[in-house]
Amino acid sequence: MSEAIFLFFLVWTVRRLVRWISTDDVHDLLLAGIALAFAYLTRYDAVAAVAAGAGLVFGVTLLRRGWAHRATMVRRAVLDAVLVAGPGLVAFLVWAATSWLITGQAFAQFSSAYGNAAILEQSGGPTGDPVGNTAYVLTAVLALGPAIPLLVPSVAGLSWRRRDAGFLVGPALFGSVLTFQAISYVAGSTFGFLRFFIAAIPLATVACAQVLSARGEVPTRRTGAFARHRVGPASPRDRTRFRRVVAAGTVALSVVSLPVTTAVVLQPSLSPQQYAVGHLFDRDPPDGAERIIASFSTERALADYLDARNLPDGSVLTDTVFGFAVVVASARPRQFVVPSDEDFTTVLNDPAEAGVQLMLTVPNTGRGESDALNRRFPTVWENGSEVGRLELEVPNDGADQPTWRIYRVLSD
């Protein structure tokens, strides 16, 4: 899943912007912008983070320079914001142009037959109502970060006392992603998956770290004109006692939060993709959980079956809507012809002429409607569409996975 990579770049961005608050070093802004660009290339949720990061930097720079420098303050603030948003904007434009050159659609992730809108429609459309979906969003965020309602106000108060804008970075970046996902789900344009709100975890983690004020100077390439010098309580004894109390309280709060998160993750209604892990070692797990645990086991077995036949390269035609699991599990991926191949359309139009021996097909219902074989041959799964003869049918053990039919291509 892309969430792990996405969070890596998001945390990298937060770290660099928190450093910039203290150092005023332009290098931190540059690296934050690069991290946001990579985040966008991972998930388009990063659009919200790019906007939030640029807005935060613009505001901080503006307040630093004050009204006494009216002639230059806006220009400097805009330049700083561009350093953060520029790489992300370039990534956005280059990716859109590349998508248009390859697929004919600049934003295929939204508008293509494989896009999010198409997946929603094929899956039965949006579920729930705005009130119920809002309740789910709040539950998901609190489940992944139960300490957030206590940590965020506490750190906000401490940061106000310290006059430290570094606290704003975590809520701005992680909060923008959570807000983006919340609006998307409440509006009915995405699914209610708990992992979509996983940014709540680093938000809580960063807030825990910021409860304790940072000590010492931050190593930096070039200290800016508005660098801050960190100071702590006057008495070392008071400082040590305070840090110990806060550190112990923060750790205790985080530990107490774990049972809450665990309980929610094991609820089918709140965590439909993860709850089955609670039944992993059951002798007789519920049918729904058993099928989730068995997800992609059929596809792995199918890959083993095809590998054992020692088929030549380009001899198995499949789409990757569902077929990705077979291709990834195979030790011989070159035997497959998939949509990313340059000659896929030519092969699809005349499989026999292209040397294809087998076709992996799925039912022409639900997400199967976007399968390229079904769009080219609408009845191929049912009867072979006069281009193939049924060789094998494979019922699926996994949840939300199709029954596979393998057709042997008829020669001319």
Sub-4.5 Å side-chain heavy-atom contact between [X] and [Y]:
{"X": "Glu386", "Y": "Phe377", "value": "no"}
{"X": "Trp381", "Y": "Leu373", "value": "no"}
{"X": "Val74", "Y": "Leu62", "value": "yes"}
{"X": "Phe9", "Y": "Leu36", "value": "no"}
{"X": "Leu203", "Y": "Ile148", "value": "yes"}
{"X": "Leu7", "Y": "Ile198", "value": "yes"}
{"X": "Arg309", "Y": "Leu358", "value": "yes"}
{"X": "Leu30", "Y": "Arg16", "value": "no"}

Between [X] (side chain) and [Y] (backbone), is there a donor-acceptor pair under 3.5 Å?
{"X": "Arg291", "Y": "Gly398", "value": "yes"}
{"X": "Ser295", "Y": "Ile292", "value": "yes"}
{"X": "Ser330", "Y": "Val327", "value": "no"}
{"X": "Ser189", "Y": "Ser184", "value": "yes"}
{"X": "Asp350", "Y": "Glu353", "value": "yes"}
{"X": "Tyr407", "Y": "Thr361", "value": "no"}
{"X": "Tyr136", "Y": "Leu270", "value": "yes"}
{"X": "Ser385", "Y": "Val380", "value": "yes"}
{"X": "Asp319", "Y": "Ala372", "value": "yes"}

Point-to-point distance, once rounded to the nearest 0.5 Å, from [atom1] of [X] to [atom2] of [Y]:
{"X": "Ser271", "Y": "Leu266", "atom1": "OG", "atom2": "CG", "answer": "8.0 Å"}
{"X": "Glu369", "Y": "Asn374", "atom1": "CD", "atom2": "CG", "answer": "8.5 Å"}
{"X": "Thr318", "Y": "Leu306", "atom1": "OG1", "atom2": "CG", "answer": "9.5 Å"}
{"X": "Phe322", "Y": "Ser370", "atom1": "CZ", "atom2": "OG", "answer": "7.5 Å"}
{"X": "Asp371", "Y": "Thr365", "atom1": "CG", "atom2": "OG1", "answer": "11.0 Å"}
{"X": "Arg15", "Y": "Asp28", "atom1": "CZ", "atom2": "CG", "answer": "8.0 Å"}

[X] atom [atom1], neighbour heavy-atom count above 12 within 6.0 Å:
{"X": "Glu393", "atom1": "CD", "answer": "yes"}
{"X": "Asn349", "atom1": "CG", "answer": "yes"}
{"X": "Asp400", "atom1": "CG", "answer": "no"}
{"X": "Trp95", "atom1": "CH2", "answer": "no"}
{"X": "Arg375", "atom1": "CZ", "answer": "yes"}
{"X": "Phe38", "atom1": "CZ", "answer": "no"}

Here's a test for you: under side-chain contact (heavy atoms from CB on, under 4.5 Å), which of Leu83, Val84, Val169, Asp80 qualifies with Trp20? Asp80

What are the two closest heavy atoms between [X] and [Y], and how far apart are they?
{"X": "Gln267", "Y": "Ala263", "answer": "CG-O, 3.2 Å"}
{"X": "Leu311", "Y": "Gln335", "answer": "CD1-OE1, 3.8 Å"}
{"X": "Thr13", "Y": "Ala35", "answer": "OG1-CB, 3.2 Å"}
{"X": "Pro363", "Y": "Thr403", "answer": "CD-O, 3.5 Å"}
{"X": "Asn364", "Y": "Gly368", "answer": "OD1-O, 3.8 Å"}
{"X": "Leu56", "Y": "Ala172", "answer": "CD2-CB, 4.4 Å"}

Dump the intermediate steps for side-chain contact (heavy atoms from CB on, under 4.5 Å) on Val356 and Val316, then the final yes or no. CA-CA 6 Å; Val356 172; Val316 182; over 6 Å; no

Arg332 with Asp307: basic N within carboxylate O range, under 4.0 Å: no

Between Glu382 and Arg405, does any NZ, NE, NH1 or NH2 come within less than 4.0 Å of an OD or OE carboxylate oxygen? no

Hey, can you tell me if Phe191 and Phe193 have their rings parallel, tilted or perpendicular (30° and 60° cut-offs)? parallel

Using the side-chain contact (heavy atoms from CB on, under 4.5 Å) rule, take Val60 and Val57 through it: C-alpha gap first, then chi angles, then the decisive distance, then the call. CA-CA 5 Å; Val60 170; Val57 169; 5.9 Å; no

Full working for ring-ring contact (aromatic ring centres under 6.0 Å, His included) between Phe296 and Phe324: CA-CA 10 Å; Phe296 304 124; Phe324 73 91; 5.8 Å; yes

Could you please spell out the steps behind the side-chain hydrogen bond (donor to acceptor under 3.5 Å, both in side chains) verdict for Thr61 and Arg76? CA-CA 7 Å; Thr61 301; Arg76 293 293 180 88; over 6 Å; no

Given the rule in the side-chain contact (heavy atoms from CB on, under 4.5 Å) test, do Leu302 and Ile406 qualify, once you have shown the distances and angles that lead to the verdict? CA-CA 10 Å; Leu302 189 55; Ile406 301 178; 3.5 Å; yes

Tell me yes or no: between the side chains of Gln181 and Asp45, is some donor less than 3.5 Å from an acceptor? yes

Given Asp129 and Asn133, is the side-chain contact (heavy atoms from CB on, under 4.5 Å) satisfied, shown in steps? CA-CA 6 Å; Asp129 57 87; Asn133 290 351; over 6 Å; no

Start with the C-alpha gap between Tyr40 and Phe92, add the side-chain angles, then the distance that decides, and say whether ring-ring contact (aromatic ring centres under 6.0 Å, His included) holds. CA-CA 7 Å; Tyr40 175 76; Phe92 175 86; 5.7 Å; yes

For a side-chain hydrogen bond (donor to acceptor under 3.5 Å, both in side chains) check, start with the C-alpha distance between Ser2 and Thr42, then their side-chain angles and the critical distance, and finish with the verdict. CA-CA 7 Å; Ser2 58; Thr42 307; over 6 Å; no

